[in-house]
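Working notes for the structure below.
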Number of protein chains: 2
Amino acid sequence: MSERARTPYILLGLLCHEPMTGYELNATIQRTVGHFWQESFGQLYPTLKDLHARGLVSMSASAAGGRDRKVYTITDDGRAALFRWLAEPPQPSVVRSELLLKVFLASLGGVDDLRPHLEAAVRAANAQITHLTAVRAAVDAEPATEHQRRCWLLTVDLGLRSAEATRAWAERALSEGT
Amino acid sequence: MSERARTPYILLGLLCHEPMTGYELNATIQRTVGHFWQESFGQLYPTLKDLHARGLVSMSASAAGGRDRKVYTITDDGRAALFRWLAEPPQPSVVRSELLLKVFLASLGGVDDLRPHLEAAVRAANAQITHLTAVRAAVDAEPATEHQRRCWLLTVDLGLRSAEATRAWAERALSEGT
DNA sequence: TTTGGCATGTAATCCGTTACATGATTAG
DNA sequence: CTAATCATGTAACGGATTACATGCCAAA
């Protein structure tokens, strides 16, 4: 398993809760950590295959009713690998904001070019706030321990703070006439 | 020029101000937009070559004193391509926070594993705030128009707000005992 | 003289997305 | 019947990083 790949760990982490298919893993990722993490099937399935080859997950295929279904279960080795990774300091995320790049370069041209971008940013931030507020409400309904819910809410909370910061920033920029 | 590549535009944008070498472009990127954008030489030099092949920049090589030096200047075509791109709605940035992933998965294991990560996040946010405060002070010393400075400060401002939001979040998480 | 800054580039690798390809089941 | 959901995968491509390779100039 390569050093920099992180897809394996989100999969191992979710499989720690319960065995799942690749399809279900994808849905769970979107539902729980979708606001700060995403995977594609093109990445997910090969990683699952690799994890299985390395013995970090076990797999039970059932072509029940003709529909393919491969349920993956985490192994002790998988759990050990996950916890080793969790203890390592997280790599700082690479930020690359196309919005800020266009804001920076807006000094070159007409100011009016910037307004639609900022207005879109406000709309996006509002949508994100709406979404995360709904997620926050939904967390309580989840069948999980108090501790699990608190960790999850923590991630939602930073998402909300970031979205609110972005909204406030964009609104101020708009009101100042850029 | 491929649809998704954005490296060409940061280069064209900076070359709009003044002709530069690849080496100088890299330094300028770090100094001005380093807090939300970064490039590597491995990406920069080939892109410059490509831009030249497409006539979006012109190049004058001078082996003055034995030291290689290729100064790139933006062309009218380059300026046109840049402004077309600037008018397009910015693509939302892909966020993938390893910190939040570990926070989310911390529900699985010991709470103590999370503390060092959060403390590191506070330190990183503080360092970022110190850095951006210095940048903000330095912008005034730059030889640029008022409008240019305002656009630049706008990007610094969002960086500061984000860093402050992250710091407040991490400190609260720590004080709540996770 | 040696370190650090200036200066340019290539090769290997890789993580990841998008598009493609296929098919069963279920609800309306 | 048909659309949405469940379900699994491959191939092509691509942007980007890292490591490698080279060499001059100036200052300490």
Side-chain angles (χ1 to χ4, degrees), chain A residues 1-11 15 19-31 33-34 36-53 57 59-72 85 90-98 101, chain B residues 1-11 19-31 33-34 36-53 57 59-72 85 91-98 101:
Chain A
M1 186 146 46
S2 125
E3 283 306 308
R4 297 183 236 309
R6 290 149 312 166
T7 302
Y9 300 108
I10 173 71
L11 300 183
L15 290 178
M20 270 183 276
T21 67
Y23 190 85
E24 288 166 340
L25 278 165
N26 182 60
T28 306
I29 288 168
Q30 283 181 37
R31 186 172 53 88
V33 296
F36 66 84
W37 203 271
Q38 54 288 132
E39 295 290 346
S40 60
F41 282 123
Q43 185 78 355
L44 204 152
Y45 283 117
T47 302
L48 235 24
K49 193 189 226 177
D50 186 62
L51 247 26
H52 183 237
V57 299
M59 188 264 284
S60 79
S62 70
R67 181 186 278 182
D68 279 359
R69 216 179 130 84
K70 294 185 178 176
V71 178
Y72 293 90
W85 181 76
Q91 292 298 110
S93 30
V94 191
V95 281
R96 229 172 173 205
S97 168
E98 208 171 301
L101 188 52
Chain B
M1 188 146 41
S2 126
E3 282 305 307
R4 298 183 234 310
R6 290 150 311 166
T7 302
Y9 300 108
I10 173 71
L11 300 183
M20 270 184 278
T21 67
Y23 190 84
E24 287 165 342
L25 277 165
N26 181 61
T28 307
I29 287 169
Q30 284 181 38
R31 186 172 53 88
V33 296
F36 65 86
W37 203 271
Q38 53 286 131
E39 294 291 346
S40 60
F41 282 122
Q43 185 77 354
L44 204 151
Y45 283 116
T47 302
L48 235 24
K49 194 189 226 177
D50 186 61
L51 247 26
H52 183 236
V57 300
M59 189 265 283
S60 79
S62 70
R67 181 185 279 181
D68 278 359
R69 215 179 131 82
K70 293 183 177 177
V71 178
Y72 292 91
W85 180 77
Q91 293 298 110
S93 30
V94 190
V95 280
R96 231 177 171 200
S97 167
E98 209 173 299
L101 189 52

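Residue numbers begin at 1 in each chain, while the letters A, B, ... track the order of the sequences.
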Report task. Could I get the full list of side chain to side chain contact (heavy atoms under 4.5 Å, CB included) partners for B:Pro46, not counting sequence neighbours? Result ->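 So B:Pro46 forms no side chain to side chain contact (heavy atoms under 4.5 Å, CB included) with any residue.
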Please tell me if [X] has a side-chain N or O lying less than 4.0 Å from either OP1 or OP2 of [N].
| X | N | result |
| --- | --- | --- |
| B:Tyr45 | C:dT8 | yes |
| B:Lys49 | C:dT10 | yes |
| A:Tyr23 | D:dT8 | no |

Between [atom2] on [N] and [atom1] on [X], what's the gap in Å once rounded to a whole number?
| X | N | atom1 | atom2 | result |
| --- | --- | --- | --- | --- |
| A:Asp68 | D:dG9 | CG | C1' | 10 Å |
| A:Arg69 | D:dC6 | CZ | C1' | 9 Å |
| B:Met59 | C:dA7 | CE | P | 15 Å |
| A:Leu25 | D:dA7 | CG | P | 11 Å |
| B:Asp50 | C:dG9 | CG | C1' | 15 Å |
| A:Met20 | D:dA7 | CE | P | 12 Å |
| B:Leu44 | C:dC6 | CG | C1' | 14 Å |
| B:Leu48 | C:dT10 | CG | C1' | 15 Å |

Query raised in the report: So how far is it from B:Leu51 CG to B:Thr7 OG1, rounded to the nearest 0.5 Å?
Result: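 Here the interatomic distance stands at 10.0 Å.
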Query raised in the report: When rounded to the nearest 0.5 angstrom, what is the spacing between CE in A:Met20 and CG in A:Asn26?
Result: 11.0 Å
Query raised in the report: Nearest of C:dA7, D:dT8, C:dT10 to any side-chain atom of B:Pro46?
Result: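 For the B:Pro46 side chain, the nearest candidate turns out to be C:dT10.
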Query raised in the report: Is any side-chain heavy atom of A:Ile10 closer than 4.5 Å to a side-chain heavy atom of A:Leu25?
Result: no
Query raised in the report: Can we say B:Glu39 and A:Arg96 salt-bridge, meaning some charged N sits less than 4.0 Å from an Asp/Glu carboxylate O?
Result: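 The answer is yes: the pair qualifies as a salt bridge.
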Report task. Only one of B:Arg31, B:Lys70, B:Arg69 passes salt bridge (Lys or Arg N to Asp or Glu O under 4.0 Å) with B:Glu24; say which it is. Result -> B:Arg69
**Report entry** Any donor-acceptor N/O pair, B:Glu98 side chain to A:Pro90 backbone, under 3.5 Å
**Finding:** no
Just the table, please: protein N/O against nucleotides 14-17 of chain D N/O, every pair under 3.5 Å.
from	atom 1	to	atom 2	distance (Å)
D:dG15	OP1	B:Ser2	OG	2.0
D:dA16	OP1	A:Arg96	NH1	2.3
D:dA16	OP1	B:Arg6	NH2	3.1
D:dA16	OP2	B:Thr7	OG1	3.0
D:dA16	OP2	B:Gln43	NE2	2.9
D:dA16	O5'	A:Arg96	NH1	3.1
D:dT17	OP2	B:Ser40	N	3.4
D:dT17	OP2	B:Ser40	OG	2.8

